[in-house]
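Okay, structure first, notes after.
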Amino acid sequence: MSGRPAAPGAGVDLTGLNDAQRAAVTAPSGFHLVVAGAGTGKTRTLVHRVAWLLEQGADPSGIVLLTFTRRAAREMLDRASRMVGPKAHRVQGGTFHAYASRVLRTLARDGFAERIGRSGEFTVMDRRDAEDLVGLVRNDLGVGAGGRRFPNKATLLKFISRQANAGGSLQDAVDAVNPRFLDDLDGIEAVARAYAARKQQADLVDYDDLLVLLRDLLRRDADARARVAGRCQHVLVDEYQDTNRVQGHIAALLATAHGDLMVVGDEAQSIYAFRGARVENILDFPKVFAGARVTKLEANYRSTQPVLDLANGVLESFSVGFDKRLYTELDHKGAERPMLVEVADVGQEADVVVANVLAMREAAIGLADQAVLFRAAFHSAVLESALTRAGIPFRKYGGLRFVEAAHIKDVLSLLRLVANPRDEVAWLRVLSWIQGIGPKTAGRIIDAALAPGGLSDADAFAGRAWHAELERLIDLLRVQRDLPLHRQVDAAVEYVRSGLDARYDDAWKRERDLTALPVLADRYDSLDAFLADVALDPPEAADAEADEEEDEQLTLSTVHSAKGLEWTGVQVLRLADGQFPSGYSLDDPDALEEERRLLYVAVTRAKRHLLLYQPRFVEGRGSFGVGPGCVLLEEVPGLDDRVQRMIGRAPAPPDGGGDGLPSDPAAQERLDQVLAWMDD
DNA sequence: CTCAAATGTTTTTTT
DNA sequence: AACATTTGAG
């Protein structure tokens, strides 16, 4: 960092920034790409940019800050407000999806409902809901009833989603996702059409609709564009490498009125191709918007040089990308090289990870400064039980979310019916709860509910075994309408709780979650706001247990969910073909390149201590080629100079202190047992 | 014909 | 934990 004084007259302190960061922060309006390598102060730069704009007199509500998660937006605006005061909180911020949802709702309530095809009270479906609706359509059309190879609902939704965010024809989408099903194109097209019609009829949108509806409106409707883009004096986009085509269009359209668009990202960290992210958005930005300014941030403030050496090795293995190399100006004396730890199997992997967690804690690296990362959420299962046995508290991110659990969806479906009685997907879920009602009967009842007049009582179904239950449900929904939010949630929770034992054999465990739900809902003042947030930014399971918050907890996370975060000590599990890289990507060069970017993300999370585990055997999973090697690592140039190879039994002492062995006698004993068993 | 229970298989990543 | 498939009850 240079010690240059702040620009004269600027109220925001810029002295802590390096030249490149300051150039980005104080740049004049225009199209601007900031290429920010991992740990180069990207967030810091964005925060200062927002503060600087405000200090220059920008209207906070004219600034739009689009981020990857709501948490990222909140953190940035908190930091900006510490620099320039509370007005920073009036900046428009959030994910593309949340922003689109807000804008579409406002426009729909303001005369644009017809053009959007939805009311201002539309319900947002998560992926599972969308799949369920596709499943309904699939059944109704009777496609694939006879022939067995017609795609299932999840695959169908992938085709539809691909077309939505890649553009082009449905045929192209099928070809890209799974060309095996090209023969069924007619049936797939029928499903896609019917799905679109059913969504509109039920006032539902899926994730893709939020983006596509907004993009199309901004593109085709000058009125809407004037209203929305007219308010966007300054548009800032974080994590631009993970935007898809539609998001790229929206960002550009928002900036059409005032011409100020700053996108920030790192093409080497593009890890959401499966969701339609296009690295090309960031790579081609300077070409697409001729005259765009480009600023590169390369000075790293996070990691030691040995960690950066490995990161640079991964960078060198990429076939595309901006020419860049991470370096640090700090002198980390005696910094150790990352360790590549060979373990026999996943059981030993878990034991050695536990041993190293404890060893690092001995060396004064608290649990909150440590993380264990993995490719897929279920990879941590063995480790989780080892941690529990060793008495190490942890928080897990990624994988199944709290609101995706079946019993939580039950409650939310009830609430959704209160908010939107046309919500077919919610009806299906709620009706299936009643014993004796399966898909067929549910379909008939839904038809009655969606017919003009709705379903005011269960009289039409008198005589059936489940008649009384249906009556109880309809009564509940009627009563619900007039209650305040917290009573609505309580009543829905009570209804679900009453049937919990009959429906789930682990009811006791789920009971706890149900108590957490009213607490989450308490933060909102309307049911609509609560439901929209739950669909667009679902709280993690860990958030729901906030009451037993512990400061000193180890973080377990998928690599995807770890994006943007950092820890002093990081351990990465399962670097073996079929695990990390995923078995799905082994025979596809583009997918493998994305796995390598994922490895790059994992490696660059570490400040100081980095351990990579390579199991020689992973049980099961016959369909995946699990090898002793890892093609990701094999392609890193000069790997042996960049890492220190270890055998799992001898965890190295971090920082030269301690002997690297666990201080907990029980853990030590278990480790000894495992090592002894391996010698047999 | 409809649904439920039991069984076996298969688990990527997420707005 | 969710899916498909099978089998049996009503």
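Lettering follows sequence order; numbering is per chain, from 1. Just so you know, these numbers use all the heavy atoms, side chains as well, and skip hydrogens, waters and symmetry mates.
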Rounded interatomic separation in angstrom, taking CG from A/Asp126 and P from B/dT13: 15 Å

Whole Å only: how far is the OH atom of A/Tyr397 from the C1' atom of B/dT13? 18 Å

Can you tell me how far C1' of B/dT12 sits from CG of A/Leu586, to the nearest Å? 12 Å

Would the A/Phe285 and A/Tyr240 ring centres measure less than 6.0 Å apart? yes

Taken in chain and number order and not counting sequence neighbours, the residues that satisfy side chain to side chain contact (heavy atoms under 4.5 Å, CB included) with A/Asp175 are A/Pro179, A/Leu182

Does a salt bridge link A/Glu267 with A/Arg597, judged by any charged N lying under 4.0 Å from a carboxylate O? no

Would you classify A/Arg128 as touching base, sugar-phosphate or nothing, given that sugar-phosphate means primed atoms plus P, OP1 and OP2, and contacts are heavy atoms under 4.0 Å? sugar-phosphate

Looking only at side-chain N and O atoms, does A/Tyr584 come under 4.0 Å of OP1 or OP2 in B/dT11? yes

Please report, rounded to the nearest Å, how far the P atom of B/dT13 is from the CG atom of A/Leu573. 14 Å

Nearest-neighbour nucleotide for the A/Thr95 side chain, C/dA4, B/dT15, B/dT12 considered: B/dT15

Rounded interatomic separation in angstrom, taking CD from A/Gln579 and P from B/dT13: 12 Å

Should the pair A/Phe159 and A/Phe181 be assigned to parallel (<30°), tilted (30 to 60°) or perpendicular (>60°) ring geometry? perpendicular

Distance test, side-chain N/O of A/Thr558 to OP1/OP2 of B/dT14, below 4.0 Å: yes

Those residues at least two apart in sequence (or on a different chain) that pass salt bridge (Lys or Arg N to Asp or Glu O under 4.0 Å) with A/Lys409 are A/Asp126, A/Asp129

Expressed as a whole number of angstroms, how long is the span from A/Asp208:CG to B/dT14:P? 17 Å

Euclidean distance, atom NE2 of residue A/His407 to atom P of C/dA1 [Å, nearest integer]: 9 Å

First of A/Tyr207 and A/Arg444 reached from the 5' end of DNA chain B, by closest nucleotide: A/Arg444

Could you tell me how far apart A/Lys153 (NZ) and C/dA2 (C1') are, to the nearest whole angstrom? 9 Å

Regarding A/Ala535, tell me which of base, sugar-phosphate or nothing describes its non-hydrogen contacts under 4.0 Å with the strands shown. nothing

Short N-O contact, A/Asp242 and A/Lys563, less than 4.0 angstrom: yes

On the nucleotide B/dT14, are OP1 or OP2 found under 4.0 Å from the side-chain N or O atoms that A/Ser561 carries? yes

Parallel, tilted or perpendicular: which fits the ring planes of A/Phe318 and A/Tyr600, with parallel below 30° and perpendicular above 60°? perpendicular

Can A/Arg105 be said to sit on top of A/Phe122's aromatic six-ring, NZ or CZ under 6.0 Å from centre and within 45° of the ring axis? yes

Given that A/Ala442 and A/Gln247 both sit by DNA chain B, which one's nearest nucleotide is further toward the 5' end? A/Ala442

Ignoring the backbone of A/Ala406, work out which of B/dT13, B/dT15, C/dA2 is nearest its side chain. C/dA2

Check: B/dT14 base within 3.5 Å donor-acceptor of A/Arg127 side chain: yes

For DNA chain B, the residues among residues 263-279 of chain A that have a non-hydrogen atom under 4.0 Å from it: A/Tyr272, A/Phe274, A/Arg275

